[in-house]
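Heads up: the structure comes next, in structure tokens.
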Amino acid sequence: MEKYSPSDIEKKWQAVWDNPNYYRVELDESKKKYYNLAMYPYPSGKIHMGHLKNYVGSDAVARYRKMMGFNVLNPMGYDSFGMPAEQAAISRNIRPDKWTYSNIETMTRQLKSVGLAYDWNREVITCDPKYYRWTQWLFQLFYKRGLAYKKEAAVNWCDTCGTVLANEQVIDGKCWRCNHEVRKKNLAQWFFKITDYADELLKDLDKLKGWPERVKTMQENWIGRSEGAEFSLEVEGHAEKIPVYTTRPDTIFGITFMALAAEHPLVEKLIAGQPNESEIRQFVTETRNMSDMERTSSESEKRGIFTGVYAINPVNGRKVPVWVTNYVLYEYGTGAVMGVPTHDERDWMFATKYGLDKILVIDNPKNPLKLDEMDNAYVEAGVMINSGEFDGLDNETAKSKIVDWLEAKKIGTRKVNYKLRDWLISRQRYWGAPIPVIYCDHCGEVLVPEEDLPVLLPDDVEFKQGALSPLSTSKKFNDVTCPKCGRKARRETDTMDTFICSSWYYLRYADPHNDKAPFDRDKVNYWNPVDQYIGGIEHAILHLLYSRFFTKVLRDAGMLDFDEPFTNLLTQGMVIKDGAKMSKSLGNVVSPEEIIDKYGADTARLFILFAAPVERDLDWSDKGVEGSFRFLNRVWRILGIFEDAIKAGADTYDVETLTAEEKDFRRAIHKTAKKVTEDVRDKFAFNTAISSLMELVNAAHNFQEKEINPSLAREFASNLLRMLAPFVPHITAELWEKFFGGDVHKQSWVTYDESAIAEDTVEIVVQINGKVRERVSVATNLSKAELEKLAPTLPRIQELTSGKTIIKTIAVPNKLVNIVVK
RNA sequence: GCGGAUGUGGCGGAACUGGCAGACGCGCCGGACUUAGAAUCCGGUGCCAUCAGGCGUAUGGGUUCAAGUCCCUUCAUCCGCACCA
């Protein structure tokens, strides 16, 4: 047989697979569906190893499921709105759409060169007006359901990107995209009311049995639910009250001061006319100008200033000073906090610094507290003291009793709070889906009528770094009349966060060409939810939370019938080289193209799958790649040696005619089939599946210079090629065609025969005091009693136990015998 | 600080419900083929030790006939959240 030449083989098969009908799938109620999805890429113009790792693993799953007889949906598309296209327009004067579509073309070509089994008929491109028409339609659906609203707020602003960002897109106070420090800015912006779904988004995490714990925990923390009470304190000499939220109603009797956020609107009213009014105002301004980084770090110093006014604790009438501080967050709860220094560490630090009073209200039952000996707040459980009628209760019980009491006296109520804020979706950028709203001086906010969708992106725009949205520079775009009254009006010039586009793309794949609706309900209900989703951990909160939110809203709108979009989630690891993530700046990048050119896509795929479990980081090794290439050559070579036998063999034959050695080999074939099936089906353990295939090929080498039963050789080739097909599709297609005719990817998955795996004898380990001292071959399933009887009679064991007393013998059938001696 | 994870040869990594630690691959060592090299094939390869044997899964302890696996302690690394009252 000729030499293994990956480039010829791969070109040949990729041409076959490029036929749009080859991977086409259709809805078929008679077949069990399997929706396999890998997170679609941003069309940067070049695939990198990270993409490859993601898509190769996902592809193996799709191909395996197809061979298992599932109707597999395995689509691909592009998350094609976003800043880089606009940057290209700003710095190189290339139109964003040109830049994007040419990148899509090259990336598609690169993806095809990897041999991925996508149904490209279903390609989704989010910057295509046929797609973003429905993104706009969905915005309007949210609007009509009261889930999209515009409000003025202090929002996150990135100067380099020239746009606002959602809370989820601010990482450590910096922009998720460009890493530039984010600052606060007051702007009127569009929000999606994700907080309406906070409770369900949290609760339904329990339904996601197929998600990694880590991702669920991250979402749980992000949603940040807490239970407590809200109540108000009167202010001496003012009509206004100060509402506060607390999770520690059991410490209400210990309030010694009130702390307001610098942004709190009451501050201005309270300080009016105070002698040091201007000093306080200066403090407020300074604090508000601090970056979020300095402001929210728990290490930074707590500072504050007394307003000169006092509030009254409603539970005991105590007069407490009201302070303005830098450590209370305006956005959470009520923007005001009750100060209980004895039982809250932050309040302790603050009160100590400014010499404020401290009252103990919870005591340590084991070791009574003394205020003047404490150097920290007491935050453990304990017994109530100094708390009127609640004294003596344990503080957990007191918590709910005090809230009951507050409610009965109409002072306060139970309250649940979330850290999750509404999703800021406006972007002051061009390359996104325009928000389909028109402003009319007469009619106000008006939705663009459905028949006028999509609101197209105009081309008469100017791109300038950091300037206002380019859309505001377009005459065409802004020349509009009010759809209601016909008077001159103006368009919303903001576009939508690209994360909106990606919050529903997995639904569009089910019905990608629909021009009457975003998708057909029956089709989505057939294909969705996604059975297996694979992608990077960086979307643990962003994309995965937003998509869950969208699914729930669309369910409530009657557009689909499930609660969660992704049944199983696999978060794949990064690609590492020389101890660091591959990056241009470190110069440790290996491009998929160069590997494919040198060894072929099959080798690249095999190495990626073999070197590490999918969810773990992959340590790139050039030597390891060579090892994978070597293995494929071994497969090629051994099947070449067997070629005549394979062709002469029969599909069914009498196993009893095999020699003992051949029987062993046949057992290995069936054992491997079992192992590979279980590894792929249950665990996505491609690395161990491949290692057992390597063992099988190694075992075949015993026959390289020996006659092999032709039918056995045939069985081996058929099994090996089918098992390897999901991992290395080209070489297996070629060899299958050569030996069996037809298409390996249309074959059914291997089956195995338990009886063929069973062995007559097993090797038993005999231990003395837990150390292996002898091995013995016995009949399979020899009973415990028989084993216990047999072991001490072995010569070697007799020798080692002579003169000692046997205390106990433990036997585990098919495994071992342990003799305990003294 | 809180939460999650990880820790096994020279390296990437195996080990199902506790039952032979180190599968498979890389690297290394030896051999065959070759004038020689490359490629290929065969064999070896946790550490210490002259065979016997001893020691080994981050640390220290515990449970057990038996622990990488279960329990407690400490340490290290990575990730997420981080003044959320």
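Just so you know, these numbers come straight off a predicted model, no measurement behind them.
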Is there a side-chain contact between A/N814 and the phosphate of B/rG19, meaning an N or O under 4.0 Å from OP1 or OP2? no
Listing request: all ring-ring contact (aromatic ring centres under 6.0 Å, His included) pairs with a residue in residues 675-699 of chain A, at least two apart in sequence or in separate chains. A/F686-A/F727
For residues 804-813 of chain A, which side-chain donor-acceptor pairs fall under 3.5 Å, sequence neighbours excluded?
none

On the nucleotide B/rA85, are OP1 or OP2 found under 4.0 Å from the side-chain N or O atoms that A/S226 carries? yes
For nucleotides 52-54 of chain B, tabulate all protein N/O to nucleotide N/O atom pairs closer than 3.5 Å, reporting atom names and distance.
from	atom 1	to	atom 2	distance (Å)
B/rG53	OP1	A/R796	NH2	2.9
B/rG54	OP1	A/R773	NH2	3.4

Checking understanding here: a glycosidic angle within 90° of 0 is syn, the rest anti, so what is B/rG9? syn
Suppose we screen for side chain to side chain donor-acceptor pair (under 3.5 Å). Which residues come up paired with A/E380, at least two apart in sequence or across chains? none
Below 4.0 Å: OP1/OP2 of B/rA85 and any side-chain N or O of A/Y327: no
Applying ring-ring contact (aromatic ring centres under 6.0 Å, His included), can you list everything that pairs with A/W620, at least two apart in sequence or on another chain? A/F607
Strictly below 4.0 Å, heavy-atom distances to any atom of RNA chain B: list the hits from residues 668-693 of chain A, or just say none. A/N687, A/T688, A/S691
Indicate whether OP1 or OP2 belonging to B/rU40 is found under 4.0 Å from a side-chain N or O atom of A/Q704. no
I need the CG-C1' distance between A/L618 and B/rG12, as an integer number of Å. 9 Å
Contacts of A/Y354 meeting ring-ring contact (aromatic ring centres under 6.0 Å, His included) (sequence neighbours excluded), chain-then-number -> A/W323, A/F350
pair A/D622-A/K577: side-chain heavy atoms closer than 4.5 Å: yes
Please list, for nucleotides 62-66 of chain B, all pairs of protein and nucleotide N/O atoms separated by less than 3.5 Å.
from	atom 1	to	atom 2	distance (Å)
B/rC65	OP1	A/K808	NZ	3.1
B/rC65	O2'	A/N818	ND2	3.1
B/rC65	O2	A/N818	ND2	2.8

Whether A/R634 contacts B/rA39 is assessed here as follows: a side-chain N or O lying under 4.0 Å from the phosphate OP1 or OP2. Is that the case? no
RNA chain B in dot-bracket, Watson-Crick or G-U pairs under 3.5 Å, [ ] crossing, | other strand? (((((((..(((......[....)))((((((.......))))))(((....)))..(.(((..]....))).))))))))....
Applying ring-ring contact (aromatic ring centres under 6.0 Å, His included), can you list everything that pairs with A/F665, at least two apart in sequence or on another chain? A/F703, A/F716
Gap between atoms CZ and P, on A/R214 and B/rC81 respectively (whole Å): 12 Å
Distance test, side-chain N/O of A/R616 to OP1/OP2 of B/rG7, below 4.0 Å: no
Residue set satisfying salt bridge (Lys or Arg N to Asp or Glu O under 4.0 Å) with A/R667, at least two apart, ordered chain then number -> A/D664, A/E759
Could you work out, with ring-ring contact (aromatic ring centres under 6.0 Å, His included) as the rule, every residue matching A/W348, not counting sequence neighbours? none
